[in-house]
Amino acid sequence: MQSSASVVRTRTDRPGMMHGHVLVRPGEIAFRELPRPVPGEHDIILRVRAALTCGTDVKAFVRGHPKFPMPTLFGHEFAGEVAEVGARVRTFREGDAIMAVPTAPCGQCYHCDRQQENLCETIMETMVLGAYAEYVKLPARIVALNVYPKPASLPFPVAALLEPLACVFHGLESVPLRGDDVVVLLGAGAISLLHLLVLRTLGIERITVVGRRAMRAEHAKRLGAERVLLGDLGAARDAVLADTHGRGADIVVECTGQTEVWEAAPSFARRGGQVVLFGGCPPGSQVRLDTQRLHYDELRVLSPFHFTPRAVRRAYDTLTNEGFEGHALITAVYPLAQLQHALSEHRNGEGIKFAVVP
Ligand SMILES: [Zn+2]
Ligand SMILES: [Zn+2]
């Protein structure tokens, strides 16, 4: 355990400086005094009021991540208040409570031109990392497209769900849904539970969650899953078949990013069903799929990535709707200095998501 994490008072007094977490190398986080970001003409400096733990951050901390060359600032799910704006920012003012996502497309490349902004050539390389700090800079392209006012009634940690929720909306955008669809969610972590909440707001009631940990499964039950299946994938598939007159589910969403779950996902789907492979697997992963099922049973297989501004807008509209139970996904709130503890709890499956608050 780094002792530095527990000694420093959270808000720094030195002008132009702030505290933030640096991922030094896999397994090592340092809580340091860092220069506070300065806005360019079109940028916003956000005073972070909540940043959430995410599976991606846990993976980066534990084993490294190709997208995070170290040392690096990290943390990409956040909400807060405008601390400072660039000279040409007209849309927001100092003190405004806002919610945002950590990326925005360029609007000019081949993919942006075809409304596939999630695949924009520069969307990932311009991603904002560094929400596990007192301040973070939102660059012009995010300010222009993907920043929204936060209603006072929405707590900051819940507002910080905007990014993962946008991913979920993007994934569902190309999946035709019917109210009587039987849906199977493989996995019971935050992404699965966000799918559950969204599908329920869309009027879908027959949702089965397949998980491994009793605590998370319990959550799924409370959030309205019709059925929760624990343990072995084969047994879970048999139970789904038994529930559907041997047909299988209309829609299967893989939410774990594990190759064995990707491979098992089609076996839960009915003929003509849809399989969404949502969870990203480690680099270099390969999977084997049953071509008989894919072809002769005409399965529709999708593997959506990231999100478009359309999906952010839908996520925003949903999150700011009073009935949406996003708060149920935030297991606990810790001071910023205790990030490492929050990431460990996330990793151990002792909750869904954790917020750190400067
Ligand atoms: Zn995330
Ligand atoms: Zn682009």
Side-chain angles (χ1 to χ4, degrees), residues 52 54-57 67 76-79 99-129 131 138 141-142 144-148 158-178 181 183-187 189-204 207 250-257 261-262 265 273-281 300-321 324 326 329 353:
L52 300 181
C54 163
T56 307
D57 301 322
K67 294 253 148 73
H76 60 271
E77 299 178 11
F78 53 81
M99 40 209 284
V101 292
T103 65
C106 76
Q108 288 156 21
C109 71
Y110 187 89
H111 297 92
C112 282
D113 189 42
R114 283 157 180 77
Q115 282 78 55
Q116 293 177 308
E117 299 96 331
N118 57 310
L119 302 177
C120 169
E121 284 161 21
T122 52
I123 197 166
M124 296 315 282
E125 70 199 44
T126 54
M127 181 168 180
V128 169
L129 293 173
L138 304 182
R141 64 157 84 170
I142 294 179
L145 277 177
N146 281 341
V147 179
Y148 289 91
V158 184
L161 288 169
L162 188 63
E163 192 260 1
L165 194 59
C167 292
V168 168
F169 271 104
H170 173 71
L172 291 174
E173 185 175 329
S174 36
V175 179
L177 300 168
R178 271 174 55 139
D181 277 338
V183 180
V184 169
L185 302 174
L186 299 175
I191 287 294
S192 170
L193 298 180
L194 282 172
H195 274 92
L196 172 62
L197 290 180
V198 168
L199 290 166
R200 294 206 64 238
T201 65
L202 297 173
I204 291 172
I207 303 171
D250 299 294
I251 297 165
V252 180
V253 187
E254 191 290 329
C255 304
T256 72
V261 186
W262 273 50
Q274 310 189 68
V275 179
V276 182
L277 302 171
F278 190 95
C281 298
R300 198 161 164 260
V301 181
L302 308 162
S303 191
F305 171 66
H306 207 60
F307 50 79
T308 61
R310 288 186 302 286
V312 180
R313 160 57 72 179
R314 288 197 71 192
Y316 177 73
D317 290 343
T318 300
L319 207 47
T320 51
N321 186 318
F324 191 77
L329 272 62
K353 273 183 170 292

Nearest 0.5 angstrom please: Cys106 SG to Glu121 CD, how far? 7.0 Å

For Ala166, does its backbone N or O pair with a side-chain atom of Glu163 as donor and acceptor, under 3.5 Å? no

Rounded to the nearest 0.5 Å, the CD1 atom of Ile191 sits from the CG atom of Leu329 at a distance of 9.0 Å

So, taking the atom named OG1 in Thr318 and the one named CZ in Phe169, what distance separates them when rounded to the nearest 0.5 Å? 3.0 Å

Residue Arg178 excluded, over 12 heavy atoms near CZ under 6.0 Å: no

Do His76 and Thr56 have side-chain atoms, one donor and one acceptor, less than 3.5 Å apart? no

Begin from the C-alpha positions of Asp250 and Val183 and carry the test side chain to side chain contact (heavy atoms under 4.5 Å, CB included) through to its verdict. CA-CA 6 Å; Asp250 299 294; Val183 180; over 6 Å; no

Under 3.5 Å, is there a donor-acceptor pair between the side chain of Trp262 and the main chain of Gly279? yes

So, taking the atom named CG in Asn146 and the one named CG in Leu162, what distance separates them when rounded to the nearest 0.5 Å? 8.0 Å

Roughly how far apart are His111 NE2 and Gln115 CD, rounded to 0.5 Å? 12.5 Å

After noting the C-alpha distance and the side-chain angles of His170 and Val168, does the key distance pass the side chain to side chain contact (heavy atoms under 4.5 Å, CB included) rule? CA-CA 5 Å; His170 173 71; Val168 168; over 6 Å; no

Is there a salt bridge (Lys or Arg N to Asp or Glu O under 4.0 Å) between Glu117 and Arg310 once you walk through the steps? CA-CA 9 Å; Glu117 299 96 331; Arg310 288 186 302 286; 3.4 Å; yes

Check: Thr308 side chain, Ala311 main-chain N or O, donor-acceptor pair, under 3.5 Å: yes

Gly171 and Phe278 have their tightest heavy-atom pair at CA-CE1, 4.4 Å

Ile142 and Val101: which non-hydrogen atoms are nearest, and at how many Å? CG2-O, 3.5 Å

Does some side-chain heavy atom of Val184 sit less than 4.5 Å from a side-chain heavy atom of Val253? no

Shortest non-hydrogen separation from Cys120 to Cys109 and the atoms involved: CA-SG, 3.8 Å

Specify the closest pair of heavy atoms between Ala100 and Val147, including all atoms of both residues, with the distance to one decimal. CB-CG2, 4.0 Å

Within a 6.0 Å radius of atom CZ on Arg141, are there more than 12 heavy atoms belonging to other residues, nucleotides or ligands? yes

With a 3.5 Å distance limit and no angle check, can you tell me whether Asp317 reaches the backbone of Arg314 through a side-chain donor-acceptor pair? no

Atom of Pro164, atom of Leu194 and distance for their closest heavy-atom approach: CB-CD1, 3.6 Å

Should His306 and Ile123 be marked as a side chain to side chain contact (heavy atoms under 4.5 Å, CB included) after you check the CA-CA gap, both sets of side-chain angles, and the distance that decides it? CA-CA 10 Å; His306 207 60; Ile123 197 166; 3.8 Å; yes

So which atom in Pro105 and which in Cys112 form the shortest heavy-atom distance, rounded to 0.1 Å? CB-SG, 3.6 Å

Whether Arg313 side chain and Pro309 backbone form a donor-acceptor pair below 3.5 Å: no

Run Leu199 and Leu172 through side chain to side chain contact (heavy atoms under 4.5 Å, CB included) and show every step you take. CA-CA 9 Å; Leu199 290 166; Leu172 291 174; 4.1 Å; yes

Hey, does Glu77 have a side-chain heavy atom less than 4.5 Å from the side chain of Asp57? no

From CG (Leu202) to NE2 (His195), nearest 0.5 Å: 10.5 Å

Please check if the side chain of Ser303 supplies one atom and the backbone of Leu277 the other of a donor-acceptor pair under 3.5 Å. yes

Hey, does Thr103 have a side-chain heavy atom less than 4.5 Å from the side chain of Phe307? yes

